[in-house]
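These notes are about the structure you will find just below.
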Amino acid sequence: MILGDLLDAPVRGPADDPLGYVVDVRLVLDGPLDGTLAAPRLHGLLVSPRTGTSFLGYERTGVRSPALVARWLRWRHRGTFLVRWSDVEAVAPGAVRLREGYRRFSPDLPGRPSQRPDLHRAT
Amino acid sequence: MKRLLGVALGILTAIGGFLDIGDLVTNAVVGSRFGLSLAWVVVVGVIGICLFASMSGRVAAVSGRATFEIIRERLGPRAAGANLTASFLINLLTLTAEVGGIALALQLASSVEPRLWIPVAAFALWLVVWRTKFSTMENVTGLVGLTLVVFAVAVFLLGPDWSELADQALSPTVPAAEGHAVYWYYAIALFGAAMTPYEVFFFSSGAVEEKWTVKDLAQSRLNVLVGFPFGGVLSVAIAACAAIVFLPAGIEVSSLSQIVLPVALAGGKLALAVVIVGIVAATFGAALETSLSSGYTLAQFMGWSWGKFRRPAQAARFHLTMIVCILVAGAVLMTSVDPIKITEFSVVFSAIALPLTYLPILLVANDPEYMGEHVNGKVTNALALVYLVIIVTASVAAIPLMIATGAGS
Amino acid sequence: MSLPPDEHPPGLVLDARLHLLDRQVLDVDGVPVCTVDDLEVHGVDGSDLPDGTQTAFVTSLLSGAVLATRVFGGRPPSSRWHRIRWTHVADVGTTVALGVRGDTLDVTWTERWVRDRVIGRLPGGRHDPG
């Protein structure tokens, strides 16, 4: 498989309900040592409910300026979530299906303070 | 002392290197038709290119990454590929115009037909790209290009009605003979001539070529902030020359001989000789920059090895790209197309493509992963957003205006 | 609605598109090699179409024909992929650094071809600019 098969692929829930598109794939370098670095393990998929286009990382990183551009791109990607790879039931070419009982996580890169106040606002 | 010389050299080459065939032609045409009523656009354009070039220079110096690597990394292959296609073609168009400009200037000097000069110019261009050191190339063309100061001298020698010129520049109105659409079309052309994207590709790649680091930031900022405005003054001087000589007579500039005529009227044969030397240097310098930019953009997009600091064999695909582009530009010119017409189109298309290069640079200049503590400050970002609006507006308005005005005719 | 934060995994976290794809790859001497056009993924059992039931790893950076398919869509036959094994990757920052020389890699064949057939044969092509 190549990552191009996953990126931009539509994501469906267990009941075939459309959830959005894969905007990015989260990797963690905690696999077995492969050369100098650990092998990158597929940790999860970042799913945006609105758009398949990547938006320059604004939706996940701490960059907040220039404010106007940052705000617009964040708004375009509101509702983005992370699902773990273990919650992926099937990967057909150009389609991803999640298993029963999959969980959504915050898309923030861990280890950094939350960059998504729009998602963490108390409701 | 040596430091001071270095600073002076940097600023002088920035002034001499600012003008290219696009600035020469567009300013003269605009001067002959609109007087100085579009001089404000040069001011807007110069501030814009100062902002844009200093941002891309800072990104290159801090992160070591040139503009098109960043465009690819930020926009992804599809949007960046579309951007590459547009930028590469416009750059090729500009290269063609510059080589045509060299041939026309040499024709003025020698009365030998431009088509005989085109192969000579193209070969000389390749030879410099192939063999000369980057800094030598920059300094020589920049310093010789300074002779275009003669346009500013000519304005004084022509003894114009200063209050009339000041009036045109300070309270701009659309001349009675011209429509509003044409006025705005030429405003965009002037803006595109001042802010051509190739300058940014070249400037940021040049920073990598010359191995700038954070320590060189002050010098590079000075070069841009002092050099480019003086270049802008020369642009306005070209327009003023045309405004003084051609506007009252109702003659529209359409050839290089008309562009230099005011200088010849003011200063005689000697001044004419000087201005021709200046135009050859400016167009040759810009032809070098556009040739290199064609290699830079493609190589950076594809991740190839590039740079004049390497032996050609160690940047083989980069050099092959430039050879092909120079050959194509020469071949197009041999069909006897008018380089002045090509120039007029190239500056407008530059304005159209500008947002594609501007936005990624603005984003990366704000990204601490690349820039660390050297991210844009608040003031820079405020100004940069104003320019984002201007650039997008000019880009969107350009094609409808081009169609509505029949490309300004 | 607020989403629970993900656990903090022990290793370096990279988002593929954000941190790896389309980045410049440099060899051990800092010479540009290619860009990361795509990544190849294998399941822990070597399967080349893993799903969530097994752990999957990135095994290679890809360059070349896969670029065209990321632009225009489709999928090139795997015989046309040019791989750089993850083993060769030494560091990931704003560029991807390799621990080997670019010349030894399969992905640079076009560069070598142009050098050997065209540029290297022109006079002065193998000398420093001066």
Side-chain angles (χ1 to χ4, degrees), chain B residues 59 62-66 68-82 84-85 126-137 208-209 299-324 364 367-372, chain C residues 14-27 29-38 61 63-64 66-73 82 84 92-96 98 101-103 107-130:
Chain B
V59 169
V62 174
S63 70
R65 317 275 30 110
F68 234 90
E69 294 175 47
I70 281 162
I71 291 176
R72 167 81 191 266
E73 190 266 304
R74 283 287 133 154
L75 298 184
R78 203 168 287 163
L84 175 74
T85 310
W126 172 71
L127 217 56
V128 173
V129 167
W130 185 250
R131 293 298 302 152
T132 314
K133 250 174 43 191
F134 187 87
S135 54
T136 317
M137 172 193 101
V208 177
E209 293 260 20
Q300 288 162 11
F301 178 86
M302 302 295 290
W304 299 341
S305 169
W306 56 271
K308 266 183 72 56
F309 64 93
R310 297 195 160 92
R311 293 172 185 179
Q314 286 164 346
R317 290 173 292 188
F318 168 70
H319 271 277
L320 182 63
T321 308
M322 293 191 289
I323 291 173
V324 171
V364 168
D367 188 339
E369 190 197 346
Y370 279 84
M371 301 301 291
Chain C
L14 296 175
D15 282 355
R17 203 175 227 168
L18 190 62
H19 296 119
L20 270 175
L21 289 176
D22 301 305
R23 298 249 165 163
Q24 178 74 56
V25 179
L26 302 175
D27 80 355
D29 301 320
V31 178
V33 174
C34 61
T35 45
V36 182
D37 292 332
D38 216 324
L61 313 179
S63 184
V66 285
L67 172 61
T69 56
R70 274 186 71 213
V71 176
F72 300 108
H82 290 284
I84 299 174
V92 179
T94 52
T95 57
V96 176
L98 302 182
R101 291 192 44 139
D103 271 356
V107 287
T108 55
W109 73 272
T110 45
E111 176 75 18
R112 289 194 301 272
W113 191 90
V114 173
R115 180 184 67 201
D116 296 340
R117 301 291 175 94
V118 189
I119 298 299
R121 292 187 177 184
L122 292 169
R126 291 181 187 274
H127 294 102
D128 280 327

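Residue numbers start from 1 in every chain, and the chains themselves are labelled A, B, ... in the order their sequence lines are given, proteins ahead of strands. Side chains included, hydrogens not; waters and symmetry mates left out as well; all remaining heavy atoms used.
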Residue [X] versus chain B: region with a heavy atom under 4.5 Å:
{"X": "D116(C)", "answer": "neither"}
{"X": "V31(C)", "answer": "both"}
{"X": "T95(C)", "answer": "side chain"}

With respect to chain C, which residue among [options] yields the maximal number of heavy-atom pairs within a distance under 4.5 Å?
{"options": "A79(B), S63(B), G307(B), P77(B)", "result": "P77(B)"}
{"options": "K133(B), R72(B), R78(B)", "result": "R72(B)"}
{"options": "P312(B), G303(B), S305(B)", "result": "G303(B)"}

How close do [X] and [Y] get, heavy atom to heavy atom, and via which atoms?
{"X": "V33(C)", "Y": "R317(B)", "result": "O-NH2, 4.2 Å"}
{"X": "G125(C)", "Y": "W130(B)", "result": "CA-CZ2, 3.2 Å"}
{"X": "L320(B)", "Y": "V118(C)", "result": "CD1-CG1, 4.1 Å"}

>> Show, in sequence, the C-alpha distance, side-chain angles and deciding distance for R65(B) and T94(C), and conclude whether the side-chain hydrogen bond (donor to acceptor under 3.5 Å, both in side chains) test is met.
In response: CA-CA 9 Å; R65(B) 317 275 30 110; T94(C) 52; 5.2 Å; no
Top contributor to chain B interface from [options] [non-hydrogen pairs under 4.5 Å]:
{"options": "R121(C), R126(C), R112(C), H127(C)", "answer": "H127(C)"}
{"options": "T110(C), L26(C), T108(C), L21(C)", "answer": "T110(C)"}
{"options": "D37(C), D27(C), D103(C), V36(C)", "answer": "D37(C)"}

> Where do L122(C) and W126(B) land on the side-chain contact (heavy atoms from CB on, under 4.5 Å) test, with the steps shown first?
Replying inline: CA-CA 12 Å; L122(C) 292 169; W126(B) 172 71; 4.2 Å; yes
>> Show, in sequence, the C-alpha distance, side-chain angles and deciding distance for L67(C) and M302(B), and conclude whether the side-chain contact (heavy atoms from CB on, under 4.5 Å) test is met.
In response: CA-CA 9 Å; L67(C) 172 61; M302(B) 302 295 290; 3.9 Å; yes
> Got M137(B) and P129(C) here, is their nearest side-chain heavy-atom distance under 4.5 Å?
Replying inline: no
> Mind checking whether V114(C) and F318(B) have side chains closer than 4.5 Å, heavy atoms only?
Replying inline: no
> How long is the span from the CG atom in D22(C) to the CD atom in E73(B), to the nearest 0.5 Å?
Replying inline: 7.5 Å
> Say you draw a straight line from CZ of R23(C) to CD1 of I70(B); how long is it, rounded to the nearest 0.5 Å?
Replying inline: 10.0 Å
>> For the backbone of A316(B) and the side chain of E111(C), can you confirm whether one donor and one acceptor N or O come within less than 3.5 Å of each other?
In response: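 At least one qualifying donor-acceptor pair exists.
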>> At a 4.5 Å cut-off on heavy atoms, which part of F301(B) comes close to chain C: side chain, backbone, both, or neither?
In response: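 When you check distances to chain C, atoms from both the backbone and side chain of F301(B) fall under 4.5 Å.
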> Could R131(B) and D128(C) be called an ion pair, given the rule that one side-chain N must be under 4.0 Å from one carboxylate O?
Replying inline: no
